[in-house]
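When reading the values below, keep in mind they use all heavy atoms of this one structure, side chains included, and skip hydrogens, waters and symmetry mates.
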Amino acid sequence: MHWPASRPAFKERHVVRNPLESSGLWRASLRTADGWRTVREPRGPYATASMLEWGSITKGLVGTTAWLTLEVERPVVHYLPGVPDADMTVADLVHHTSGLPRLPATMRDRLFGDPYRGAVGVPLGHAVAVPVAPRGQFVYSNLGYALLGAVLDGVHGDWFAAVRQHVLEPAGISSATLVPAPADRVVPKLFGRAIKPWALGESSFAAAGGVWSTFDDLCRYADWALEPGAGHSRTVSWQREGASTWINGEVRAAGAVIANAAGITAVVHTLAKAPRAADTIATALIEREVRETCNG
């Protein structure tokens, strides 16, 4: 569900040279100085349903809400007294510098299983928030964002309602949800049967990656987050390297990315493709656009 910090931003050469020739299920749009244009039309599941898994792009919504509504330099224990580490701050959770692991030791990733199924209907136990690395060191953590969701629950009553108020509504997004109707979900099939998504949105880890919404809403979020002069808070959970800015997410059978470089924004969503396929396609699209612009 993440792009490692060591991964170079939109600079390195990739295998996919012409993204329009990439096989499989994906759709994409680009925004240039002339506005948005569709690069890959919806087809397959994208043409018959509308709700996409955003995965860890959810963290962008949650991080901004935390930054706008909480005292981010306060220790998390101020909001959640049961947290073992008295020093980690809200800002540490936002930036993945709390030292918390990706998931608690009691959970594990499985190729065909659902690591979040056991967290459905089970409140997050604050005692599991035990760091495995020194504070200040980058360790990508879904647990950290689940904890951040719990902080927002405590302050606002419901973290997703707070996200709706402070991010989704200002961005013009009305269809976002955590548990869409099965018929509305864009999911791939394996041997003719739909691949069942992880139960992220129903679990206590929903704030780490549980949002579903439309592709057009993904583009609306990109517009809002990257609006010139909007300030750092709108992209506080995004990653940066040089002049490149991006946020991405990967779940069981889907991936998504919003990437901005060289004045171009790419939004890509993929189904049942290799890890980070959305990132690779977005990189290739931006590189191609830059080449075509330079060639006039």
> Passes side chain to side chain donor-acceptor pair (under 3.5 Å), Asn260 versus Thr265? Steps please.
Replying inline: CA-CA 4 Å; Asn260 180 267; Thr265 300; 2.7 Å; yes
> Would Ser237 and Tyr145 count as having a side-chain donor-acceptor pair, cut-off 3.5 Å?
Replying inline: yes
> Can you list the steps and then say if Ile57 with Leu218 is a side chain to side chain contact (heavy atoms under 4.5 Å, CB included)?
Replying inline: CA-CA 9 Å; Ile57 292 178; Leu218 204 54; 4.0 Å; yes
If you look at every heavy atom in [X] and [Y], which pair is closest and at what distance?
X: Pro197; Y: Glu53; answer: CB-OE1, 3.8 Å
X: Pro188; Y: Leu271; answer: CD-CD2, 3.8 Å
X: Ala261; Y: Ile286; answer: O-CG2, 3.9 Å
X: Tyr46; Y: Leu52; answer: CE2-CD2, 3.6 Å
X: Glu250; Y: Ala277; answer: OE2-N, 4.2 Å
X: Gly149; Y: Ala207; answer: CA-CB, 3.8 Å

State whether the side chain of [X] and the backbone N or O of [Y] hold a donor-acceptor pair below 3.5 Å, judged by distance alone.
X: Thr38; Y: Ser29; result: no
X: Ser98; Y: Met88; result: no
X: Thr48; Y: Pro45; result: yes
X: Thr64; Y: Ser233; result: yes
X: Thr214; Y: Asp217; result: yes
X: Arg252; Y: Asp114; result: no
X: Trp54; Y: Val257; result: no
X: Asp153; Y: Trp159; result: yes
X: Thr58; Y: Val211; result: yes

Heavy atoms, side chains only, cut-off 4.5 Å: are [X] and [Y] in contact?
X: Leu61; Y: Arg164; result: no
X: Arg117; Y: Glu202; result: yes
X: Val267; Y: Tyr221; result: no
X: Val90; Y: His78; result: no
X: Pro182; Y: Val187; result: no
X: Asp279; Y: Trp246; result: no
X: Thr235; Y: Leu226; result: yes
X: Val186; Y: His269; result: no

>> side chain to side chain contact (heavy atoms under 4.5 Å, CB included), that's the test. Do Phe205 and Leu143 meet it? Break it down for me.
In response: CA-CA 7 Å; Phe205 281 74; Leu143 173 58; 4.2 Å; yes
>> Exactly one of Lys273, Arg40, Arg276 should register a side-chain contact (heavy atoms from CB on, under 4.5 Å) with Ile281. Which one does?
In response: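 For Ile281, the side-chain contact (heavy atoms from CB on, under 4.5 Å) test succeeds with only one of Lys273, Arg40, Arg276, which is Lys273.
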Distance in Å, [X] [atom1] paired with [Y] [atom2], rounded so as to fall on 0.5 Å steps:
X: Arg288; Y: Ile264; atom1: CZ; atom2: CD1; answer: 10.5 Å
X: Thr65; Y: Leu148; atom1: OG1; atom2: CG; answer: 9.0 Å
X: Lys196; Y: Leu190; atom1: NZ; atom2: CG; answer: 15.0 Å
X: Glu292; Y: Thr32; atom1: CD; atom2: OG1; answer: 11.0 Å
X: Ser203; Y: Met107; atom1: OG; atom2: CE; answer: 7.0 Å
X: Leu100; Y: Asn142; atom1: CG; atom2: CG; answer: 11.0 Å

> Is the shortest side-chain N to carboxylate O distance from Asp223 to Arg31 below 4.0 Å?
Replying inline: yes
Would you say [Y] ends up clustered with [X] if hydrophobic residues are merged whenever their side chains have heavy atoms under 4.5 Å apart, either directly or through other cluster members?
X: Trp212; Y: Val251; answer: no
X: Val76; Y: Val72; answer: yes
X: Trp224; Y: Ile258; answer: yes
X: Leu93; Y: Tyr79; answer: yes
X: Met51; Y: Leu200; answer: no

>> Run Thr69 and His156 through side chain to side chain donor-acceptor pair (under 3.5 Å) and show every step you take.
In response: CA-CA 9 Å; Thr69 67; His156 298 286; 3.0 Å; yes
> Mind checking whether His232 and Trp67 have parallel, tilted or perpendicular rings, split at 30° and 60°?
Replying inline: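 Ring orientation, 0 to 90° scale: perpendicular.
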>> side chain to side chain contact (heavy atoms under 4.5 Å, CB included) for Val179 and Arg185? Distances and angles first, verdict last.
In response: CA-CA 9 Å; Val179 187; Arg185 301 178 184 186; 3.6 Å; yes
Tell me which donor-acceptor pairs under 3.5 Å the side chains of residues 120-138 have, and how far apart each pair is, sequence neighbours excluded?
unit_1, atom_1, unit_2, atom_2, d
Arg135, NE, Asp92, OD2, 2.4
Arg135, NH2, Asp92, OD2, 3.3

